[in-house]
Amino acid sequence: MLILTNNQNLIRPSTKMAEYVAPAAVEIVADQAKEYASPYLRYFFRYGEIVEDFKNQREALELKKERVKICVDEAERQNELIHKDVDNWLTSAEKELKETQNLKDEIDRVKCFKWCPKWGWRYSLSKKLAEKIPIISKLLETSNFAQVGYCRPLQGIEFITSTDFMDSESSKSAFKQIMEAINAKGVNMIGLHGMPGVGKTTLAKEVGKHAGEQKLFDKVVMFTMSQNPEINKIQDKVADIFRLKFETSSQGGRAEELFRSMKRVNKILVIVNDLWEELKMESIGIPFGDDHEGCKILLTTRRQQVCTIMNCKEIQLRILSEEEAWVLFRDKAGLEDVSSTVNDVAKEVAAQCKGLPLAIVVVAKALKGESLNGWRDANQRFKDSTHLHDEEVLWGVRQPLKLSYDYLKKGINQMTENDIQMCFLLCSLFPEDEEIRIEILIMCGIGVGLFPNFHSIEGKRKKIVEALKKLQKSGLLLETDGADTIRIHDVIRDFAHWLTSTGENRFMVKDTLKEWAHMDDSYTAIALWNCSSIIKLFPDKVEFSKLKTLFLEGERKRKRDDFLVVFGTFFEEMKALQVLLLRRVSFSPIGFHSLPNLKTLCCVDCMLENFSSSLTNMRSLEILALIGTKIDGINEELVKLSALKYLRLSGDRFEEMNIPPNLVSRLTSLQELHVVTKSNLNLLELKSLSHLTALSLRLSTNQIPLEDFVLPKLERYAIVGENYSGNRELFRRLDIQDFSSSLSAFNNLFCNVEELSLRNVGGQKNIVPSIDEMGVNDLTSPRLKSCNDMEFLIDTKKDQGSTVAFSNLVELNIERMVSLKGLCYGLSPTRFLQNLKRVIIRDCEELQVIFQKPLPSNLTILSLHSLPKLKRIWEVKPPHRAIASLQSLKVVSIESCDNLKTIFSPCLALSMLHLQELYIRHCDRLEQVIGFDQEDEIIENDSPLCCWPKLRILSIESCPNLKYVCANTWTHGLLQSLESVYIRDCSQLIQVFNMEQNKHAQDNVLPALGSQNHCWTKLKTLRIEDCQLLKYVFANTLSQGFPLLESLHLKNCPQLLQVFSSTEERDVIGDHIPLNVPFLKILEVSNCPQISYFIVQAQLIEKLVLRNVGNSRQLRNTDVPVLNEGCIVVGNHKEVFQVQGRYSFSSIKNLMLEDLFEVQVIWNEYAQVVTLENLTTLTLRDCKKLRYIFSPMMARSLSHLVDLFILGCEEIERLILAKDQVSSSSSNGYTSLQHMSFPNLTRIVVTDCKNLSSLFPFGFVPILPKLERLIVEKNSKLEQVFELEEKVEVVAEEEMKFDKLKRLSLEELPSLIHFFPKGYHSVFLAMIELKVRDCPKLNTSFFIDSQEFVHCKTKVPLLVEQDAVEESTTVRNAIFNENIDWRRAGGGSQLPHIT
């Protein structure tokens, strides 16, 4: 362009010569340009060549693009994926063709003058074309694609989202656990287990779909194993996913090929669905573990033991909640738009599916579109427990359950194939949703002959318990909160009823029976529950010749003595009966002589008549359980039960059971004896019971024989004291109370006791060897209380051998042991406390040391309370310090241990990688949480500590000598999980985290993470109170260092200088940076006069309390930077809030500012546009320079304000700015006061505000409908309480509403003239207390009407016409400026009355 400009005179000759000169000139210049061409001249002189080249190239690109597009369309029709470079090329080509179309049009549209081209346009267009030509050429060069697409990888039909998937709490939890396990290092196999139909397969598909969409894996493959898997077909499916063509035909060869192919892929997720037994992955050809760390395997199974066998990370999928079940059912049944009546019935049907997704989906789809009558019919069928008989409705539910049921026969050792199935069917006889006692099941199972190859009760018991566990792991039974009960899901229970509706074993179950129904003779088991006590047509006798099991229960909602009455003859024709379980039934067993096969009789809360005289008739009886059952007594007839192996007797816990002497000793076949209420049983009789293996007794001290007596060796026992409060029967439990003599009677039991409780037991200095020389190695849970002679758990001083003792102890509970000095006296025995997990020790006056080498490395919970002489918790000698570890410790609570100076040594602290909660209270001499408590421990160690990475809660309270949490420097990883910090009443505390004195005894701020600033990413609550010497809390914390902080409390720390500090960011804004705490809701800083101000960005703040903050003289008038975002200045500064935008701090509910002498305004100049719609409480006290509180706009938003307290704010003139006080720069924010109201304001207190002239300015009559208390005192310049800003002449009396005002106090107000504006009147309907004192100018009167309501009235100027305001003589004579102290309840002064 420069050349053209400089040669304009050369190329623009005169008009006459133009025709001759121009062509020649152009030719000469063109020739010169060819030889000496610059790019600029080339654009000008070679325009024609450039245009021609451009047209040719663009045309070629158009043709090439069409060819490629045709190839791409064909590939997509073949379901191929297009290569990315082809896609990119097409996009670029289309873009260039679109952009150059305008250039092509410009060439065709614009023409040169014949004698003179448009030189400027020609140059510009030529330049654009020349720039496009190489781009088009490059596209043409890269357009030769060998192929444009490739075969799409098989996704698998499995990963198409199932419409039956329910995003429930259970599935969310399981999904989250699965994804965490998938992403975790070291986890290569995950097992998802749950009952049939709970949604395992559906969830696994969702996992696969999610993993594919998020590209977590390069390949995701899913296949189903089933009970009889075809490995070849599974291999074919996996091979298709990996595009592998097998070259061999053998299963092993194919597995090897697949193995090699999968190893070439970095990340693979394999989902193995419906696994029934252990699967060797190598049999298919799937590499994992050490062979392929990038291959993760997720398997689904209904059998938990499969997960265990295969070493899976186990995850359970549970059923839906009631609400979730209804949502899924409604969706699948299409009930969104049906009538409420149909919905009500459908809800009942949905409830019958009991949260099982498979049942919900199948039933809902089957009933979709049904009429109201159809729904009612289905509902009735469910209630009749016949719904699983409906082939059309629930065939899909039965099939997976039938597979599980049939599979129970596989892999059973020493079980007949029917035993475990019969155990399952027995469970189905119990009522819906009942937690079935395992002991009852054992009695019934033995009665029906389960596991006949085991002859002892104990042997059968173990096999039945094993079967129940197998059923639980198979998903056919459910666990409960108690270890002694199990439960069966209602849908599975109904499935069992379907199984037993036909065939050899026919069962009938009625959950509620009000009328006897006809029953044929084919049933082998009948369960009739909740039978009405006034049941109609209950027969005297029935004939059930095949019946082996009968459960009969009276009405549940009955009076104490209201039983189902059954005649003894009712049972006479039940010749095959083996098990009889009765609840709340009154009967006589006289007819039992005709029950030759009865093996088990269990009566719960029954009443038996003529029991003793009927025992002769039950000679086959093996199990007799009378639980809470009234009988006419136990006598010698019991001996006639010659086959009796199991006897359980329990009556009223407060009544003693009378057992005749020498009766028990003659029950020689007895294997289990359970007398679980008070009794007079003579223990000497037990010597005759040679087969006895299990014993339950409630034992008093006087029942122990004085002679040399030892209880027999037992496999199971629960011997408890008479004051024992528990009701559980645990395996091998001893509870000995109030015993002062030898414990030799229990010698045979100490060797295998699991739970031992000694309360008020004297004469024993230790447990080992005094009580047991063998080391009580089966003991898991000892509880020792008030054993005043015991000094140690074990004494090894005299035994130089390698004794093994307390090796299985899990929980240790010690209380009020006045002589206890330690746990071990002498060298610790082998494996001492190696499994100990929980320790609770309290009120042990002499205890000085607790743990010695070796420390309990499995300890998880430690609680120590009231141990006044405790010097050390841990005593580890120097040679063992390096290996001492508390790696499992999670919770530590130390309280009232006044002699402790430190809790953890640095070495121990380093080992506590799993500590989560630390509580320390009332430890008077404690100086350090982590430190050296012995001189020989102190070492020169400049290396920083790194510990407690999982600590969530740190709470330290009332430790007056505590100086440091740790005196050393803390480094990376410290307290990174901390969520809550609470420190109170630690008067000597110098630092919390990051302070230490250097060699020159000067305070330094040390880096918390080496030399780096850091974040407290999980901290939610910080509360520090009453720490008189504390100067610093955090140092080197980034401004973003508290992303989750919700609550911050700093109270009564007079030396506190700094809370947050960042040396790297300090100069970002002046000397400080704003602390960004986006979730902070509560901020309280009180009585911290030395603290340097800090700036907080907290838009969600709900409660702010600033009291006596930064009041020291040197901290006043510090400049605070103005930020571009809303923030809070925490300190004694003229401005509290810097507001940006209307909704800044709109969440605040409670605001309290006290003793802030420099505060002049709460909100900055933008505050008039702020809404405080959630503010409920405002308290301002002793803010001496505060001028005003609210702008009119802000005041209008105070719809939720309840409490307003203003005290000692001397400079304040008005609470709400008047119109003329709103700055001109923000006058557009002014809002008329006419419609201002405070609908929820309940309490107002305004005192000691010397410059306040009026309380509230109103544009019109104020509306305070909920005001209950108004206290206005010691405001020397106050002239009006309520003032009308708009001056209006009052010509007639008007009323102000204060219908709920109960207490009004106006005191020491020397300038007060009006309570209301002139001409206003109010009736206080709720007034109960009125005080007016030292208000000499007040011209407002108070008086009472005939209904005892208090009136308030302001004098009207005499200019008002007499008929406008009528005043009675009483009103004119009413009290205007006298003192009033009136109470409705009486007392004080009286108010004048008006009529």
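Quick caveat: nothing in here was measured; it's all calculated off a predicted structure.
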> What's the verdict on side-chain contact (heavy atoms from CB on, under 4.5 Å) for Val776 and Phe806, showing C-alpha distance, side-chain angles and the deciding distance?
Replying inline: CA-CA 6 Å; Val776 286; Phe806 296 101; 3.5 Å; yes

>> Ignoring hydrogens and geometry beyond distance, is a side-chain donor-acceptor pair present between Ser888 and Thr860 at under 3.5 Å?
In response: no

> Nearest heavy-atom pair of Ile486 and Cys427: which atoms, and what distance?
Replying inline: CD1-SG, 3.9 Å

>> How close do Ser650 and Val676 get, counting heavy atoms only, and between which atoms?
In response: CB-CG2, 3.1 Å

>> So which atom in Leu859 and which in Arg838 form the shortest heavy-atom distance, rounded to 0.1 Å?
In response: CD1-N, 4.0 Å

>> Under the side chain to side chain contact (heavy atoms under 4.5 Å, CB included) test against Leu833, which residue among Leu809, Leu812, Asn858 passes?
In response: Leu809

> Heavy atoms, side chains only, cut-off 4.5 Å: are Glu458 and Arg716 in contact?
Replying inline: yes

>> Are the side chains of Leu581 and Ile440 in contact, using a 4.5 Å heavy-atom criterion?
In response: yes

> Roughly how far, to the nearest 0.5 Å, is the CG atom of Leu317 from the OG1 atom of Thr201?
Replying inline: 10.0 Å

>> With a 6.0 Å cut-off (strictly less than), is the heavy-atom count around NZ of Lys837, excluding the residue itself, greater than 12?
In response: no

>> Within this structure, what is the NZ-CD1 distance for the pair Lys296 and Ile178, rounded to the nearest 0.5 Å?
In response: 13.0 Å

>> Angle between ring planes, Phe551 versus Phe430, binned at 30° and 60°: parallel, tilted or perpendicular?
In response: tilted

>> With salt bridge (charged side-chain N to carboxylate O under 4.0 Å, His left out) as the criterion, how do Lys176 and Glu169 come out once you've worked through the C-alpha distance, each side chain's angles and the decisive distance to 0.1 Å?
In response: CA-CA 10 Å; Lys176 181 181 178 183; Glu169 288 301 317; over 6 Å; no

> Just by modelled atom types, is the Cys603 backbone N or O under 3.5 Å from a matching donor or acceptor in the Thr629 side chain?
Replying inline: yes

>> Could you go through Leu279 and Met281, starting from their C-alpha distance and side-chain angles, then the distance that decides it, and tell me whether this counts as side-chain contact (heavy atoms from CB on, under 4.5 Å)?
In response: CA-CA 6 Å; Leu279 171 67; Met281 293 295 165; 3.9 Å; yes

> Which value, rounded to the nearest 0.5 Å, describes the distance between Ile436 atom CD1 and Ile488 atom CD1?
Replying inline: 6.5 Å

> Should Glu715 and Lys462 be marked as a side-chain contact (heavy atoms from CB on, under 4.5 Å) after you check the CA-CA gap, both sets of side-chain angles, and the distance that decides it?
Replying inline: CA-CA 12 Å; Glu715 294 191 36; Lys462 289 179 179 178; 3.7 Å; yes

> Taking C-beta and beyond as the side chain, do Leu749 and Leu734 meet within less than 4.5 Å on heavy atoms?
Replying inline: yes

>> Side chains of Thr549 and Val448, heavy atoms from C-beta outward: is any pair under 4.5 Å?
In response: yes

> Distance only, no hydrogens: is a donor on one side chain within 3.5 Å (strictly under) of an acceptor on the other, for Thr224 and Asp274?
Replying inline: no

>> In the structure I gave you, are the side-chain heavy atoms of Leu320 and Leu328 within less than 4.5 Å of one another anywhere?
In response: yes

>> I'd like to know whether Met225 forms a side-chain contact (heavy atoms from CB on, under 4.5 Å) with Asn273, so could you lay out the CA-CA distance, the side-chain angles of the two residues, the decisive distance to 0.1 Å, and finally the verdict.
In response: CA-CA 6 Å; Met225 288 299 295; Asn273 185 45; over 6 Å; no

>> Given 3.5 Å as the limit, does a donor-acceptor pair link the side chain of Asp735 with the main chain of Gly721, or not?
In response: yes

> Step by step, would you call Thr480 with Thr485 a side-chain hydrogen bond (donor to acceptor under 3.5 Å, both in side chains)?
Replying inline: CA-CA 6 Å; Thr480 64; Thr485 58; 2.5 Å; yes

> Below 4.5 Å, heavy atoms only, C-beta onward: do Leu468 and Ile438 meet side chain to side chain?
Replying inline: yes

> Can you tell me if Thr301 uses its side chain to pair, donor with acceptor, with the backbone of Leu275 under 3.5 Å?
Replying inline: yes

> Which pair of heavy atoms, one from Cys531 and one from Leu552, lies closest together, and at what distance?
Replying inline: SG-CD1, 4.1 Å

> Quick one: is the NZ or CZ of Arg506 closer than 6.0 Å to the six-membered ring centre of Tyr523, and within 45° of its axis?
Replying inline: yes

> In Å, rounded to the nearest 0.5 Å, how long is the span from CG of Leu499 to CG of Asn505?
Replying inline: 10.5 Å

> Is there a donor in the side chain of Thr308 and an acceptor in the side chain of Glu314, or the other way round, less than 3.5 Å apart?
Replying inline: yes

> Quick one: does Trp529's side chain have a donor or acceptor within less than 3.5 Å of a partner on Leu429's backbone?
Replying inline: yes

> So do the side chains of Arg461 and Phe451 get within less than 4.5 Å of each other, counting heavy atoms only?
Replying inline: no

>> Using side-chain hydrogen bond (donor to acceptor under 3.5 Å, both in side chains), reason through Ser456 and Gln671 one step at a time and then give a plain yes or no.
In response: CA-CA 8 Å; Ser456 69; Gln671 298 178 22; 4.8 Å; no

> Can you name the closest pair of heavy atoms from Leu582 and Cys606 and give their distance?
Replying inline: O-SG, 3.4 Å

> Can Arg493 and Asp511 be said to form a salt bridge (charged side-chain N to carboxylate O under 4.0 Å, His left out), step by step?
Replying inline: CA-CA 12 Å; Arg493 176 176 178 262; Asp511 282 337; 2.7 Å; yes

>> Between the side chains of Lys463 and Glu466, is the shortest nitrogen-to-carboxylate-oxygen separation below 4.0 Å, so that they form an ion pair?
In response: yes

> Would you find a donor on one side and an acceptor on the other, under 3.5 Å apart, between the side chain of Asp331 and the backbone of Val327?
Replying inline: no

> Taking it one step at a time, do Ser807 and Asn777 satisfy side-chain hydrogen bond (donor to acceptor under 3.5 Å, both in side chains)?
Replying inline: CA-CA 5 Å; Ser807 58; Asn777 285 296; 2.9 Å; yes

Counting only pairs under 3.5 Å, give me each side-chain donor-acceptor contact of residues 190-200, with atom names and distances, residues two or more places apart or in other chains.
residue : atom : partner : partner atom : Å
Lys200  : NZ   : Gly194  : O            : 3.1
Lys200  : NZ   : Met195  : O            : 3.1

>> Has Asn752 got a side-chain atom pairing as donor or acceptor with Leu714's backbone, closer than 3.5 angstrom?
In response: yes

>> Nearest 0.5 Å, please: how far is OG in Ser696 from CZ in Arg648?
In response: 5.5 Å

>> If only side-chain N and O atoms count, and only distance matters, is there a donor-acceptor pair under 3.5 Å linking Glu324 with Ser321?
In response: yes

> Do Glu206 and Lys209 sit within salt-bridge range, that is, some charged N less than 4.0 Å from a carboxylate O?
Replying inline: no

> Just checking, any donor-acceptor pair under 3.5 angstrom between side chains of Gln177 and Ser173?
Replying inline: yes

>> Would you compute the distance between atom CG of Leu915 and atom CZ of Arg952 and round it to the nearest 0.5 angstrom?
In response: 10.0 Å

> If every non-hydrogen atom of Phe507 is compared with every non-hydrogen atom of Ser428, which pair is closest and at what distance?
Replying inline: CD2-OG, 4.3 Å

> Are any of the side-chain heavy atoms of Arg584 and Glu553 separated by less than 4.5 Å?
Replying inline: yes

> For Glu672 and His674, does a side-chain donor sit closer than 3.5 Å to a side-chain acceptor?
Replying inline: yes

